[in-house]
Amino acid sequence: MNIKKELETKVGMADNIYLNNVDIDPLTIKAIMINEVVPFDPLQDFYGTSDADYLKTTIPLLQGAGTNVTSIQDILQMGIYITNAVKTPKTEYAIDKSSIENSLPYLEAELSLFPNIKVIMLMGDVAKKAFNMITKKSTKKNAIPAVSTYKLRNSEIYYEGIRVMPSYIMTGGNILIEKSKVTMATEDIATMLEIIK
């Protein structure tokens, strides 16, 4: 299945919406990692070039968690699909609520493509916010409590039988500065890997 084609069929095409143009057997995916926002240049996204900026921080996190991955294909073969909550590049430092809302139909449709999901990792506050906006539509409440990520890390949160793990952003230059967040994100990924083994 081509993710981009599938989502355009389900939700429609829209200007400036960047979708993952990647072919995947949805039955093989056991975990989804939701990053915050697509980059300005689609070649720098997870499914762009082999040395894409987003992979330069993501691959080391997965390696730190005990995997031998060196490419996005390796990650997919482990049963891990990575996507972005916001499908339009950010125009300001902060991501506004309308950007999240405009991308929600795509993210929601994307999550529904994978029937064998055991874990959804929310990599950063924007991913957490987007996921809560989706869950609130059906349950009328947030799946993820509105408290700091570090306080939630050891909680076992489930939504429709799927373990939901809030963690830290895995892309961008800032991740390299905040070593404690790198450590915590790596530990969270290791937990996710244990669950999907």
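Keep in mind it's a predicted model, so treat the numbers as computed, not measured.
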Can you find a side-chain donor-acceptor pair between [X] and [Y] that sits under 3.5 Å?
X	Y	result
S99	D96	yes
T83	N35	no
E156	Y158	yes
D74	N68	no

Kindly determine whether N21 and L19 satisfy side chain to side chain contact (heavy atoms under 4.5 Å, CB included), including the steps that lead there. CA-CA 6 Å; N21 191 4; L19 301 171; over 6 Å; no
Test: [X] and [Y] ion pair at under 4.0 Å:
X	Y	value
E110	K87	yes
R153	D188	yes
E194	K197	yes

Can you measure from [atom1] ([X]) to [atom2] ([Y]) and round to the nearest 0.5 angstrom?
X	Y	atom1	atom2	answer
Q77	I72	CD	CD1	11.0 Å
F46	I59	CZ	CD1	10.0 Å
L113	L27	CG	CG	11.0 Å
I29	Y81	CD1	OH	8.5 Å
K129	K97	NZ	NZ	9.0 Å
L61	E187	CG	CD	11.5 Å

Would you confirm whether [X], through its side chain, and [Y], through its main-chain N or O, come within 3.5 Å as a donor-acceptor pair?
X	Y	result
T139	K141	yes
K90	Y93	yes
N132	N142	no
Q44	P39	no
T186	G64	no

Hphob cluster co-occupancy, [X] + [Y], side-chain heavy atoms under 4.5 angstrom:
X	Y	answer
I189	M184	no
V11	M1	yes
M165	I162	yes
M121	V147	yes
L152	I169	no

Given side chains that start at C-beta, do those of [X] and [Y] come closer than 4.5 Å, heavy atoms only?
X	Y	answer
I82	Y47	yes
S50	L55	no
P89	D41	no
K10	S112	yes
I134	K136	no
T28	F114	no
T149	K181	no
M33	I80	yes

Nearest non-hydrogen partners of [X] and [Y], listed with the distance:
X	Y	result
L193	M78	CD2-CE, 3.6 Å
T67	L62	OG1-O, 2.8 Å
S167	A185	OG-CA, 3.5 Å
V126	E36	N-OE2, 3.0 Å
I3	I24	CG1-CD1, 4.0 Å
A14	Y106	CB-OH, 3.5 Å

Is the cationic atom of K56 (NZ for Lys, CZ for Arg) positioned less than 6.0 Å from the six-membered ring centroid of Y54 and within 45 degrees of its normal? no
Should we say atom OH of Y150 is surrounded by more than 12 heavy atoms from elsewhere, each under 6.0 Å from it? no
Does the ring center of Y159 lie less than 6.0 Å from the ring center of F131? yes
Given K118 and R163, is the side chain to side chain contact (heavy atoms under 4.5 Å, CB included) satisfied, shown in steps? CA-CA 6 Å; K118 294 181 178 178; R163 174 84 181 266; over 6 Å; no
Can L122 and V164 be said to form a side chain to side chain contact (heavy atoms under 4.5 Å, CB included), step by step? CA-CA 7 Å; L122 306 174; V164 183; 3.6 Å; yes
